[in-house]
Number of protein chains: 4
Amino acid sequence: MPRTGMEPIRRKAIIEAAISTIGERGNLDVTVGQIARSAGVSAALAHHYFGGKDQIFLATMRHLLRVYSHNVGGALAEAKGPRGRISAVIRVSFGTEQFAPSTIAAWLAFYVRAQSDDQARRLLGIYARRLNSNLVDALGQLCARDDAKRIAEGIAALIDGLYIRQALHSRAIHDGPADPASAIALVERYVNSELGAVARPGKKGGKR
Amino acid sequence: MPRTGMEPIRRKAIIEAAISTIGERGNLDVTVGQIARSAGVSAALAHHYFGGKDQIFLATMRHLLRVYSHNVGGALAEAKGPRGRISAVIRVSFGTEQFAPSTIAAWLAFYVRAQSDDQARRLLGIYARRLNSNLVDALGQLCARDDAKRIAEGIAALIDGLYIRQALHSRAIHDGPADPASAIALVERYVNSELGAVARPGKKGGKR
Amino acid sequence: MPRTGMEPIRRKAIIEAAISTIGERGNLDVTVGQIARSAGVSAALAHHYFGGKDQIFLATMRHLLRVYSHNVGGALAEAKGPRGRISAVIRVSFGTEQFAPSTIAAWLAFYVRAQSDDQARRLLGIYARRLNSNLVDALGQLCARDDAKRIAEGIAALIDGLYIRQALHSRAIHDGPADPASAIALVERYVNSELGAVARPGKKGGKR
Amino acid sequence: MPRTGMEPIRRKAIIEAAISTIGERGNLDVTVGQIARSAGVSAALAHHYFGGKDQIFLATMRHLLRVYSHNVGGALAEAKGPRGRISAVIRVSFGTEQFAPSTIAAWLAFYVRAQSDDQARRLLGIYARRLNSNLVDALGQLCARDDAKRIAEGIAALIDGLYIRQALHSRAIHDGPADPASAIALVERYVNSELGAVARPGKKGGKR
DNA sequence: AATGAATGAGCCTTCATTCAT
DNA sequence: AATGAATGAAGGCTCATTCAT
């Protein structure tokens, strides 16, 4: 059975097992053994390929972040105009892949992790800054720089907030929008009213 | 030294130690020993008074929730009109007591905890529903029921999102508003524009 | 049963258990569990009091070294003249306490350990330098400085060599002197002939 | 690349890798993986050729012992008279090959190993007895049998002692002779004074 | 009222060893 | 001839929890 070239296959399996295991529990209190079992391998193998529990977590974060970034990148490429790019970011953030319960739970768990783990913090920081750039750049073409920053912050906060609420909702705490559609609508509406309220610089009329 | 009537004093000390210990680490991976030491007592005593680690956590959550509710209650009593009550909720949510780094970190940690612990979930659910009622009730007097629900959801999401960002911010990830004032302004602005966009039913003008 | 003030008792029991366990095996491949069991406590307690396996080893070395130093100190105090002090060191080195099989085995195990562990090296270095000082000082009153250094080195080498041979002997490899008396006689004879071969500086006649 | 006839080449490479790996660490706490890597092969191959870790160690000991014996044999053949044969043994014991830091460290490690491993003990016993025979035979021609035994023991102890001190010296503990020459001189001097002190039986005068 | 003493259970991690290719 | 793949077993260490005082 031991064929050569198993490493990438195992790594992927273990990372996916980590996501689902973390997702099920809702936090990082999972053992390497649980993850490994869920991946159908021994705990020793997981260590062999990743070097340790921390690295498994880091690799899992990196995977989550990379998939998200990749999806955002794709949506951005197809988007039309600055307003379209904003919508693209929002749409991807609540896309099926992103908004799956266990993905969200893992996401939040890593948010918390970032508070005590330097590497996790750095990783998250990179993604956060990139997201912020995307939003501020697009908004900057539609309004003043200061407004752009503020609105970007609002959008990001809304997304994070809806994430956390979704995580709790799927565990029957909140009654908020279980469906991505409502979440998207809520954020879009926010963008619209904020943009509607501010003058676009350089544009002739501005708001009447 | 062991005088009678120490129980409430010890309980309080332990709960406060729990908040600060959790707050410092940013998650619930704290030992009973750490909490106890920070409270100046032995781990055995913490056990004696609370019965176990889980109960310490629960009591700490309850404390956090109770303080918050109490503050909201007070602000609500002084508030003028429905719009004032909304502002009261927002203001309290970002008040100095609530927005202290370690309080926020503990808060988030318990949010995560609620995903895997039934009792924590129930506790959080009660508070969430009460907050929601407060918001929806007030908003209901200013707009249609459906709009009220949606805006309440938006407000709650913004608050949660700004919390999580604040937690990460104080650990140097985000560049968002470090100060409560900006956070409050951001949410207030949201409320204003959302309310501005919807017609208030039953009020004379109504929607045209 | 758990009386207060157990710590020193346990520490001592664990250290003695470490010596005998290491002595029986003849090397440091002993588990904390084995040591603890031999001391009649749980492995957790050994960790509790010492902090870890390394520290148990270090404490054990320190104990061995301290006892030896203490014995040397006592013998030195009673010794008459420089030649007597040399004999004192030799006598103590092969004294019953020092020359017990498990003590010797432990001693050697730590010698080996010193090659890969910094702290053990430092510890052993202190003792080695002190032993060297004692010998060189005493010899320096009986012969030239350079001779003293050389003879001290010879004595130390003989002691170490006889130790290692004793360790193997008690495991049926060598046929050397099983008894301390022969070992002492061998070293004493070495000292005598070396001293007899060198002129004592400052003394007129030298040897006849 | 896998040509036929690789076995002896691999065996030798692995044994030499074992010596250097053990020598670097200064003890037997080396993994098969480390040895194999240092030999440029996989751990599985080392297993394949030797059957297990223990056998690798045994083969390494055997190699060390065989080289030493071979060198002694060669030196003995060229030596002149019994006194010359004693010098030959001493000279070889501190020869460059024998006195290399990693060789000495490995040697000591195996000495310690012999205390807990039967096969290692047997192996070492054979060599020890042979060395003893060589010395006692040669000495027997220069002095009484009893003296010969005693002096042989002294020589062996000195050699072992200087070895162990050399091992520690190269790790900066002792200040003894770093160079083989001093070690040889020290032992030779010992032999001379011991022999000078005893009457040679069967020889004419002897000392009165 | 309070704590030191003590431990069982569990987790991470390492490693020798096996096996199929 | 040689190795990547894989694992069982074992050890160090932590920690919540109990107990006697």
Nucleotide nearest [X] (side chain, heavy atoms from C-beta), chosen from [options]:
| X | options | value |
| --- | --- | --- |
| D/His47 | F/dT7, E/dT18, E/dA6 | E/dT18 |
| C/Val41 | F/dT7, F/dG4, E/dT7 | E/dT7 |
| B/Ala44 | F/dA2, E/dC12, E/dT3 | E/dT3 |

Any side-chain to backbone donor/acceptor pair from B/Glu16 onto B/Ala13? Under 3.5 Å, distance only.
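Not at all, since once roles are kept as given, no pair shorter than 3.5 Å links the two residues.
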Backbone N or O of D/Val30 within a donor-acceptor pair of the D/Arg25 side chain at under 3.5 Å?
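Flag not set: sc D/Arg25 to bb D/Val30 has no pair under 3.5 Å.
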Round to the nearest Å and state the distance from [X] atom [atom1] to [N] atom [atom2].
| X | N | atom1 | atom2 | answer |
| --- | --- | --- | --- | --- |
| C/Arg10 | E/dG4 | CZ | C1' | 12 Å |
| B/Asp54 | F/dC15 | CG | P | 16 Å |
| C/Asp29 | E/dC15 | CG | P | 12 Å |
| B/Ile35 | F/dT14 | CD1 | P | 18 Å |
| B/Leu28 | F/dT14 | CG | P | 21 Å |

Distance test, side-chain N/O of C/Tyr49 to OP1/OP2 of E/dA5, below 4.0 Å
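Result: yes.
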Over all strands shown, is [X] touching base, sugar-phosphate only, or nothing at heavy-atom distances under 4.0 angstrom?
| X | answer |
| --- | --- |
| D/Glu7 | nothing |
| C/Phe50 | nothing |
| B/Thr31 | sugar-phosphate |

Counter-base of E/dA5, judged by Watson-Crick or G-U geometry with both distances under 3.5 Å
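Answer to the pairing question: F/dT18, which forms a Watson-Crick or G-U pair with E/dA5.
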Could you please name the partner base of F/dA10, counting Watson-Crick and G-U wobble pairs only when both distances are under 3.5 Å?
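Paired with F/dA10, as far as the under-3.5 Å criterion goes, is E/dT13.
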Pairwise 5' ranking along DNA chain F for D/Gly40 and B/Gly51, keeping only the more 5' one:
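Per heavy-atom nearest nucleotide, the more 5' residue is D/Gly40.
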Earlier contact from the 5' end, DNA chain F, for A/Ala43 and C/Lys53:
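The residue mapped nearer the 5' terminus is A/Ala43.
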Does a side-chain N-to-carboxylate-O contact under 4.0 Å join D/Asp54 and D/Arg113?
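Judged by the 4.0 Å cut-off on N to carboxylate O distance, D/Asp54 and D/Arg113 do form a salt bridge.
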Point-to-point distance, once rounded to the nearest 0.5 Å, from CD1 of D/Ile15 to CG of D/Leu58:
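Those atoms lie 10.5 Å apart.
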Determine whether D/Asn27 and D/Ile22 satisfy the following criterion, side-chain contact (heavy atoms from CB on, under 4.5 Å), listing intermediate values before the conclusion.
CA-CA 6 Å; D/Asn27 58 48; D/Ile22 294 168; over 6 Å; no
